[in-house]
Amino acid sequence: MDFYNYESRVNRPLMAKLSELKSSNDRLKHIIFSAQLDRELLEHLASVADMVRALSQSREGCDFLSSLLAHKRAMLYFTQPSTRTFLSFVAACQLLGLSLAEVRDPSVSSEVKGESPYDSVRMFSSYFDVIIMRSVVPNFAECCSYLMNDLDEFNHRSVPIVNAGSGADEHPTQALLDIYTIQRTFRFAHPKDSSSWTRFDELRQKYPALTRGLSGKVYGFCGDIGRGRTVRSLAQLLSRWNNITMYFIAPDHPRLRLGADLKNRLLDAGVRVHEVQSFDDAGEDGRPVIESVDCLYMTRVQQEHDKGHEADAYAGADMTRYRLNRELVNRMKDYAAILHPFPRDSRVGEIPTEIDNDPRAMYFRQARNGMWARAALLAFLFDVDGRIASRFQKDFSDFHDYNVGVL
Ligand code: NCD
């Protein structure tokens, strides 16, 4: 058997692959695609993330959390640049007590001696209990999960693979933290909420139709839609909620606009999908899109994917229209959330720093949420989320829901 020939498995329809990524107890074995995260699991992971966040406020809580996986080791194999994803996984591992090691530069590994990356991954699995990986190579994380499954079949050592970004294709853990941020935002909780005043009631005076939660909301995605893996993963997860409208605000350029495969998946899931070229184009209700969105997901132009000859083709795409400014933000709904997976490109300025202190700017909280959400995911993978819930109930038995929701 050729362990390293995965082409036919990669070429199967997505739905045919999902069962292989589960373990026998129906938990997730590997995290490769956002399609593995259903709405029930996303709600569960959000509540685990909230509990990790609350427990980590005290020394005793931190000691408890860091005892949970003190017997496990994580390998971070990040051969593509990363700051937030890498560091928030490091922090998440530290919270749960996992010890870790990293390879970020294949030029200092035996790959320079001609070792295949698959051999590298199999070696990592000898020493570690989970491999968290980011690669420019599309489908590499997926193929590594097949490698692990084959090893398991032959009674060799096999460990979970977590996809921390593959090519321009998928970034499921980013989508997880994006959803977590949106869930928290649309709880409309406020530190000053009391029996006589809540922020939600106040907002409803101005927006009478406002509801809590992700359903029935209008989501805008702006910038490099065609090549942004975070947009692909997040839009698919959002489509799991009801009555969703999405605007894709991007230049009408074959590589930058919404791709047909994602569009069809969203339409099949019942999303109302609109492609527009400007924040000021009219939306479903005739109002400019910038005034209609409940959540705006900004993105960076993914120039690293440009090949020399292609770069010229983008010269015609005027990206200055896909930048926010004060005037645009002032026109957004009071409670609307501005997200960005980061890094933002300071040369392009898709979100100028003048927006950072606006209450709608959610991107720094979003990055911090990555730590809690990834800790929740690791706890779930290693089946210690139940212990977190028991401890939380014990320590916070008189804690009110509205406190948990405060950002
Ligand atoms: C994103 C990525 O790497 O895909 N960043 C991230 O993980 N936070 C988005 C980007 O690089 O533009």
Side-chain angles (χ1 to χ4, degrees), residues 31-34 37 49 76-93 102 104-105 132-142 162-182 220-238 248-251 255-259 262 295-306 314 317 319 322-324 337-352 356 361-375 377-378:
I31 313 283
I32 306 299
F33 306 110
S34 55
L37 307 171
L76 282 92
Y77 182 41
F78 274 57
T79 53
Q80 190 188 20
S82 176
T83 306
R84 274 144 294 272
T85 307
F86 180 81
L87 289 177
S88 64
F89 264 118
V90 167
C93 288
E102 61 182 72
R104 301 196 70 174
D105 178 2
I132 303 164
M133 57 188 289
R134 163 174 289 202
S135 170
V136 275
V137 183
N139 310 112
F140 183 46
E142 178 186 350
V162 178
N163 177 3
S166 60
D169 185 39
E170 276 262 17
H171 197 346
T173 66
Q174 177 71 40
L176 170 70
L177 75 94
D178 293 340
I179 289 282
Y180 179 50
T181 304
I182 299 169
F221 293 89
C222 174
D224 190 344
I225 302 303
R227 301 176 301 178
R229 57 192 175 189
T230 62
V231 170
R232 290 175 61 75
S233 292
L234 174 59
Q236 291 179 75
L237 290 193
L238 283 170
F248 291 92
I249 310 151
R255 297 291 300 278
L256 301 174
R257 67 172 171 241
L258 177 64
L262 177 59
C295 175
L296 178 62
Y297 196 87
M298 298 297 293
T299 64
R300 178 179 67 84
V301 181
Q302 310 268 312
Q303 283 163 343
E304 67 273 29
H305 297 292
D306 295 347
Y314 297 106
M319 294 312 290
Y322 305 94
R323 296 197 300 224
L324 280 180
I338 303 169
L339 273 65
H340 190 309
F342 267 37
R344 61 180 155 187
D345 191 335
S346 54
R347 297 159 300 188
V348 175
E350 67 271 17
I351 304 185
D356 293 357
M362 214 49 80
Y363 28 92
F364 286 104
R365 287 175 173 181
Q366 180 187 359
R368 183 163 164 83
N369 283 340
M371 174 173 67
W372 311 120
R374 288 176 169 128
L377 184 68
L378 290 169

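Remember, it's 1-based here, ligands and their atoms both numbered in the order they're listed. Just the heavy atoms: all of them, side chains too, but no hydrogens, waters or symmetry mates, feed the values below.
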(request) I would like to know whether Tyr363 and Asp356 meet side chain to side chain donor-acceptor pair (under 3.5 Å); could you show each step before the answer? (result) CA-CA 8 Å; Tyr363 28 92; Asp356 293 357; 2.8 Å; yes

(request) Evaluate the criterion side chain to side chain donor-acceptor pair (under 3.5 Å) for residue pair Gln366 and Asp178; output intermediate values, then yes/no. (result) CA-CA 7 Å; Gln366 180 187 359; Asp178 293 340; 2.7 Å; yes

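Taking only nitrogen or oxygen atoms, main chain and side chain alike, Thr230 does not reach within less than 3.5 Å of ligand 1. An N or O contact shorter than 3.5 Å is missing between Pro343 and ligand 1 by distance. Ligand 1 has no N or O atom lying under 3.5 Å from any N or O atom of Arg84, backbone or side chain.
Put simply, no part of Gln80 is less than 4.0 Å from ligand 1, judged by heavy atoms. Heavy-atom separations between Gly165 and ligand 1 are all 4.0 Å or longer.
Arg134 approaches Arg229 most closely through the heavy-atom pair CZ-NH2, 3.4 Å. The minimum heavy-atom distance between Thr181 and Met362, with the atom names listed, is CG2-CG, 3.7 Å.
Residue Thr85 has at least one heavy-atom neighbour below 4.0 Å for each of these atoms of ligand 1: 6 (C), 7 (O), 8 (N). If you number the atoms of ligand 1 from 1 as listed, the ones under 4.0 Å from a heavy atom of Arg300 come out as 10 (C), 11 (O), 12 (O). Residue contact check: Gln302 has heavy atoms under 4.0 Å from atoms 10 (C), 12 (O) of ligand 1.
Side chain of Arg344 to backbone of Ile351: a donor-acceptor contact under 3.5 angstrom is found.
Checked against ring pair (Phe, Tyr, Trp, His ring centres under 6.0 Å), His340 has the following partners two or more places apart in sequence or in another chain: Phe342.
Among protein heavy atoms, the minimum distance from atom 6 (C) of ligand 1 is reached at Phe342 O, 3.4 Å. His171 NE2, 2.8 Å is the protein heavy atom nearest to atom 7 (O) of ligand 1. If you check which protein heavy atom lies closest to atom 4 (O) of ligand 1, you get Arg229 NE, 2.7 Å.
Phe78 and Phe89 have perpendicular rings, their planes meeting at more than 60° on a 0 to 90° scale where under 30° would count as parallel.
When only modelled atom types and interatomic distance are considered, Glu170 and Ser34 share a side-chain donor-acceptor pair under 3.5 Å.
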